[in-house]
Amino acid sequence: MLHRLPFRAMGGEMLVVMEGENSAPSIIDEIPVWFEGWEQTLSRFRPNSELSLLNQTFDQPVEVSDTLWDVFQYSLSAEIITNGLVTPTVLDAMLEAGYDQSFDNLPRYQNKNESSNFLTATHPLSLVVWDEKSQTICLPHGVHLDFGGVAKGWAAHQTVERLKEFGSVLMNAAGDIAISDSLANGQPWQIGVKNPFVKETDFETLNLNRCGVATSGKDRRHWKQNGLARHHIIDPYTAQPAQTNVVTATIVAPTVMEAEAAAKAVLILGGEEGLKWIEADPVLAGIIVLENGHTFYSQRIFEYL
Amino acid sequence: MANKPASRNWNDIQLVIATGSMAFSLIFWNMFAGPDREAAIKRAQEQAAQPPMDPVQIVTPVVETQPTAQGAALPSGPILLGGTAPQTQIIVQTGGGGGGGGNNSGANTGANTGGGTVTSTGSS
């Protein structure tokens, strides 16, 4: 049978589903505690988090925890595989766009004075100096990090890795889903893909085994700043919310971190370029929903439909 | 008393010479053009007797690329990795486009009612 544990963390709804015997293993109760610890390390909204403290220290190496180091390394990978489209150095641009507090508390209509330090591009992560042996990170002046979706994907992945010995497990961290394996009867997990235009409905069902799937979109976290529509996906080449015709991009990949990074990249690239980019990578499959209501299906996604 | 007829002036002489030259040129043109024309007709008849060209041998016109407009900025986006062009691209209508249903037989199967799905992925 399937044991479900919904809870709230990292500003979103979490759900862990485990396959097991009649009673769920006691370890399942520890999962919210894990998330609380990870959030305390990785959240930019907590002024005393490890990340916030790192963001206040410039030009000197700071020894970081295993968690922050691991997420930082995944961020490096994400920047490489997306040609720089997904990078944690977008924090300043995010703040400039008005996303300066938890989205639950964020005013949906903002008036902001014109900034004197108008950003035209974000810093590449390659400016950050790190040392593996001492596990230190040194931020140059003016560079701040925001792990955002990478942290959610990483947390989902970690949860599945810790729980998979108890049976097949699925972790949904606010849309970023990690799956350990197929169900005991050999059947795949059935995952719905939300329709961005009709709340609480799915428009597609994916049949997934061991993999990751994630959706990035501008349909939920959006607001207006001086009358301009804003959302939380920053294009690092412009340091502005991405100008894109994509509403949501759902990507299936070997891991949820890859899926999350790819989904964000596709959203920034736009529908047509995003589809080409997915097709060029043999480990990715995706569904892209455009503003005009059209939906692009990559060739490999049909393996999961 | 009747006027004495005017003698032929220099203009008349030029006209006569020009007319003569043109007539002389046309005569010689026809003398030498005649055999070539016959040969051309003969070649055309020979070609007409040959089998038609292989349809595969299609001569495609040369398409020249348009020069970049002076001063136009080069694309600033990322350089994408190469790869095969997408071969499958199905477009269906979802709720946002004002259309319902769709061309994809898999769309909306059971999912709208939540049947069978454990959870859903959506933007967070």
Side-chain angles (χ1 to χ4, degrees), chain A residues 2 11-13 15 17 82-85 149 152 170 172-177 189-198 201-206 213-221 237 247-248 250 269 273 275-281 289-299 302 305, chain B residues 55-124:
Chain A
L2 296 177
E13 300 298 327
L15 174 69
V17 185
T82 62
N83 295 323
L85 285 174
K152 289 193 185 77
L170 173 151
N172 185 349
D176 297 349
I177 300 174
W189 294 82
Q190 289 193 307
I191 310 297
V193 180
K194 284 183 180 173
N195 186 335
F197 303 117
V198 185
T201 60
D202 299 335
F203 74 100
E204 199 58 273
T205 302
L206 299 171
V213 57
T215 297
S216 191
K218 60 177 184 180
D219 58 321
R220 185 171 174 272
R221 296 189 189 224
Y237 290 88
V247 180
T248 60
T250 300
L269 284 170
E273 290 300 316
L275 183 64
K276 289 179 190 171
W277 189 76
I278 296 170
E279 298 286 16
D281 192 328
V289 181
L290 306 185
E291 286 174 328
N292 62 4
H294 291 180
T295 305
F296 290 172
Y297 290 76
S298 81
Q299 190 181 5
F302 292 98
L305 295 177
Chain B
V56 177
Q57 296 174 351
I58 299 170
V59 179
T60 55
V62 176
V63 180
E64 294 182 357
T65 55
Q66 293 296 318
T68 306
Q70 193 172 13
L74 291 171
S76 59
I79 299 170
L80 298 177
L81 297 174
T84 55
Q87 296 176 3
T88 304
Q89 177 178 316
I90 292 183
I91 299 174
V92 298
Q93 293 288 329
T94 58
N103 303 326
N104 188 314
S105 59
N108 303 322
T109 305
N112 276 336
T113 57
T117 58
V118 175
T119 185
S120 298
T121 179
S123 57
S124 56

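Atoms considered below: every heavy atom in the structure, side chains included; atoms not considered: hydrogens, waters and symmetry mates. Numbered from 1 within each chain, the chains take letters A, B, ... in sequence-line order. Keep in mind that what you see is a predicted model, and the values were worked out from it rather than measured.
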Structural part of [X] lying under 4.5 Å from a heavy atom of chain B:
| X | value |
| --- | --- |
| I191(A) | both |
| I278(A) | neither |
| A173(A) | neither |

Determine the option with the most heavy-atom pairs under 4.5 angstrom with chain B, choosing from D281(A), I177(A), V247(A), L2(A).
I177(A)

With sequence neighbours left out, write down each residue that passes side-chain contact (heavy atoms from CB on, under 4.5 Å) with S120(B), or none if nothing qualifies.
K194(A), D202(A)

Applying side-chain contact (heavy atoms from CB on, under 4.5 Å), can you list everything that pairs with S216(A), at least two apart in sequence or on another chain?
I233(A), A263(A), K264(A)

pair Y297(A)-L275(A): side-chain heavy atoms closer than 4.5 Å:
no

I'd like to know if the side chain of E279(A) reaches the main chain of Q299(A), judged simply by a donor and an acceptor atom lying under 3.5 Å from each other, with no hydrogens or angles considered.
yes

